[in-house]
Novice: 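The structure that follows is given in the form of structure tokens.
A note on names: the letters A, B, ... follow the listed sequences, proteins ahead of strands, and every chain is numbered from 1. Values in this document were obtained by computation on a predicted structure and should not be read as measured data.
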There are 2 protein chains.
Amino acid sequence: MKEITIQQNKVLDCIQEYINKTGFPPTRADICRKLGFKSPNSAETHLRALEKKGYITIESGASRGISLVNHGNDHDNGFPIIGLVAAGSPTLASENIEKTVNCPANFFGSNFDYFLRVRGLSMKDAGIMEDDLIAVKKTQDIKNGDIVIARIEDEVTVKYFERKSPELIKLKPANKDFNDIEVDLRNTEIFIEGKSIGLIREN
Amino acid sequence: MKEITIQQNKVLDCIQEYINKTGFPPTRADICRKLGFKSPNSAETHLRALEKKGYITIESGASRGISLVNHGNDHDNGFPIIGLVAAGSPTLASENIEKTVNCPANFFGSNFDYFLRVRGLSMKDAGIMEDDLIAVKKTQDIKNGDIVIARIEDEVTVKYFERKSPELIKLKPANKDFNDIEVDLRNTEIFIEGKSIGLIREN
DNA sequence: AATAGTACTGAATATTTATACAGTATATTA
DNA sequence: TAATATACTGTATAAATATTCAGTACTATT
């Protein structure tokens, strides 16, 4: 997805906020009022830039014809719940989807991509229990201490992430009955699916 | 809620469908096109009837100023999050509401009433951590082993519920650092606010 | 040095749109 | 029987709105 400028992002946020508040999109003039522009053409040019970059669509001729494009994820019908099987990677393939959960994309503050159903108690002390649903954000932006979804040679696991050195990654469980997993990148391949940014428990 | 006629319902469905499809509400003319009316005033009168009956709101003067009113439950603006303060009962009074969370009423299988923000770690081994949000269903239908929100003389607490005898209730923490609370109904008053039917963690 | 994108003001305008008014007709309620 | 709500057509129009054109200025890229 193409990058957008700070001003274009302000316009995008403004549209989002307007729709949330009123239920319908703003006019050029509405955007001007909100952002302090003096000419409707200021809004127009930003809108056209956002349209060109794929963030919105504009219905030609119609008033308030702006609609936000859901990009990255198409979670109109809810977010998929993916079962965490001991072996095999969690994919968004439909056969792995238990069901879907309807909630806002920014439910956990930041956007996320899918839910993972937890098996086992290796993260018990982090409050992650069997059958809990972890909200997973697909990202490579991982910091030490993040709870990551990692795949090591077809084995998928949820653990604390800790980079010990450029070649050594430690995956730490939150349960003293489980052992740390040390991954030497020189002889083992590891893929970080993403990180946990939230949790849902149904009981 | 006032009843609506078949035609008014068609118009309401039409608006819903139009918004789902385009992202913005229809004009009078759009509704005419969809429903085969020949005069924009046909749509207008139906809209005014729907407005009068509380099913939609119409922003005067604005184009496409129709927005659907969510009715059915009073959680249109989301479910309130109530802070669990050490002393004092959680009430739905607005001063106690941190913010609201938007999610379906049956998000956790069964309907619930509000979220409670957890303080302390007394239910740690049940996977309930500090700052977690417990989905609370206001009910007196409690079984042994349920996680209840109990008020004992202005002190609110979240614990496992266990009825030992008609006069004795035990509230059990899920953390060995905390002690069981035994409540003798003959000399202590206890009020069960409800039980936890789910949990959300934002991190 | 030229081109393209960003970021605006300001004005003009054709089109879109809400909305009022004038009718007709039927059904329901007081 | 009168009043009110429903359910339309048809016309008219003021206001709302998108959109184009003409500028200015800055920045980054080729």
Side-chain angles (χ1 to χ4, degrees), chain A residues 1-69 71, chain B residues 1-69 71:
Chain A
M1 180 64 58
K2 265 192 174 174
E3 284 200 2
I4 55 174
T5 66
I6 296 165
Q7 283 303 91
Q8 285 163 9
N9 197 53
K10 274 188 193 170
V11 173
L12 197 59
D13 284 348
C14 170
I15 296 166
Q16 176 95 67
E17 199 184 320
Y18 194 100
I19 292 175
N20 286 345
K21 202 177 287 178
T22 67
F24 44 88
T27 64
R28 284 30 171 193
D30 289 330
I31 296 170
C32 289
R33 234 162 286 144
K34 289 275 176 188
L35 299 181
F37 301 151
K38 289 180 182 167
S39 167
N41 193 36
S42 302
E44 180 70 21
T45 48
H46 283 133
L47 290 175
R48 292 299 162 187
L50 286 168
E51 188 190 31
K52 206 172 169 187
K53 291 176 178 177
Y55 287 80
I56 61 172
T57 59
I58 302 173
E59 167 103 20
S60 174
S63 65
R64 302 178 188 272
I66 304 165
S67 54
L68 298 168
V69 173
H71 54 280
Chain B
M1 178 66 57
K2 265 193 175 175
E3 285 200 3
I4 55 173
T5 66
I6 295 165
Q7 283 303 90
Q8 286 164 8
N9 197 51
K10 275 188 191 171
V11 172
L12 198 59
D13 285 348
C14 170
I15 296 166
Q16 178 92 67
E17 199 185 320
Y18 194 99
I19 292 174
N20 286 344
K21 201 177 288 181
T22 67
F24 45 88
T27 64
R28 283 30 171 191
D30 290 329
I31 295 170
C32 289
R33 234 162 287 145
K34 289 276 177 188
L35 299 181
F37 301 152
K38 289 179 182 167
S39 166
N41 195 37
S42 302
E44 180 71 21
T45 48
H46 283 134
L47 290 174
R48 292 300 160 188
L50 286 167
E51 188 191 31
K52 205 172 170 187
K53 291 177 178 176
Y55 287 79
I56 61 171
T57 60
I58 302 174
E59 167 104 19
S60 174
S63 66
R64 299 176 189 275
I66 304 166
S67 53
L68 299 169
V69 173
H71 54 284

Novice: Just to confirm, is there a sub-4.0 Å distance from OP1 or OP2 of C/dA7 to any side-chain nitrogen or oxygen of A/T5?
Specialist: yes
Novice: Whole-Å distance between C/dG5 C1' and A/E3 CD?
Specialist: 14 Å
Novice: Between B/I58 and B/R48, is the side chain to side chain contact (heavy atoms under 4.5 Å, CB included) condition met? List the steps.
Specialist: CA-CA 8 Å; B/I58 302 174; B/R48 292 300 160 188; 3.8 Å; yes
Novice: Would you say that A/I19 contacts A/I66 through its side chain, given a criterion of any heavy-atom pair below 4.5 Å between the two side chains?
Specialist: no
Novice: Whole Å only: how far is the CD1 atom of B/I4 from the P atom of D/dA5?
Specialist: 17 Å
Novice: Between A/I6 (CD1) and C/dG5 (C1'), how many Å, whole number?
Specialist: 15 Å
Novice: NA contact type, B/K10, heavy-atom cut-off 4.0 Å: base, sugar-phosphate, or nothing?
Specialist: nothing
Novice: Does A/Q7 have a side-chain nitrogen or oxygen under 4.0 Å from the phosphate oxygens OP1 or OP2 of C/dT6?
Specialist: no
Novice: Do the side-chain N or O atoms of B/Q8 get closer than 4.0 angstrom to the phosphate oxygens (OP1, OP2) of D/dA5?
Specialist: no
Novice: Looking across every strand, which nucleic acid part, if any, lies under 4.0 Å from B/S42 by heavy atom: base, sugar-phosphate, or nothing?
Specialist: base
Novice: Restricting to non-hydrogen atoms, name the atom on A/S39 and the atom on A/C32 that form the minimum distance, rounded to 0.1 Å.
Specialist: O-SG, 3.2 Å
Novice: Let me know which of A/I4, A/L68, A/V69 forms a side chain to side chain contact (heavy atoms under 4.5 Å, CB included) with A/Y55.
Specialist: A/I4
Novice: Under 4.0 Å from OP1 or OP2 of D/dT4: is there any side-chain N or O of B/K52 that close?
Specialist: no
Novice: Just by protein heavy atoms under 4.0 Å, how would nucleotides 10-19 of chain C read 5' to 3' in B, S and -?
Specialist: B-----SSSB
Novice: Whole angstrom is fine here: how far is it from OH in A/Y55 over to P in C/dT6?
Specialist: 12 Å
Novice: According to a strict under-4.0 Å criterion, is A/H46 in side-chain N/O contact with OP1 or OP2 of C/dA7?
Specialist: yes
Novice: Evaluate the side-chain proximity of A/K10 to A/D13: yes if any heavy-atom separation is below 4.5 Å, no if none is.
Specialist: no
Novice: Closer than 4.0 angstrom, basic N to acidic O: yes or no for A/D30 and A/R33?
Specialist: yes
Novice: Look at the rings of A/F24 and A/Y18 and say which category their plane angle falls in: under 30° parallel, 30 to 60° tilted, over 60° perpendicular.
Specialist: perpendicular
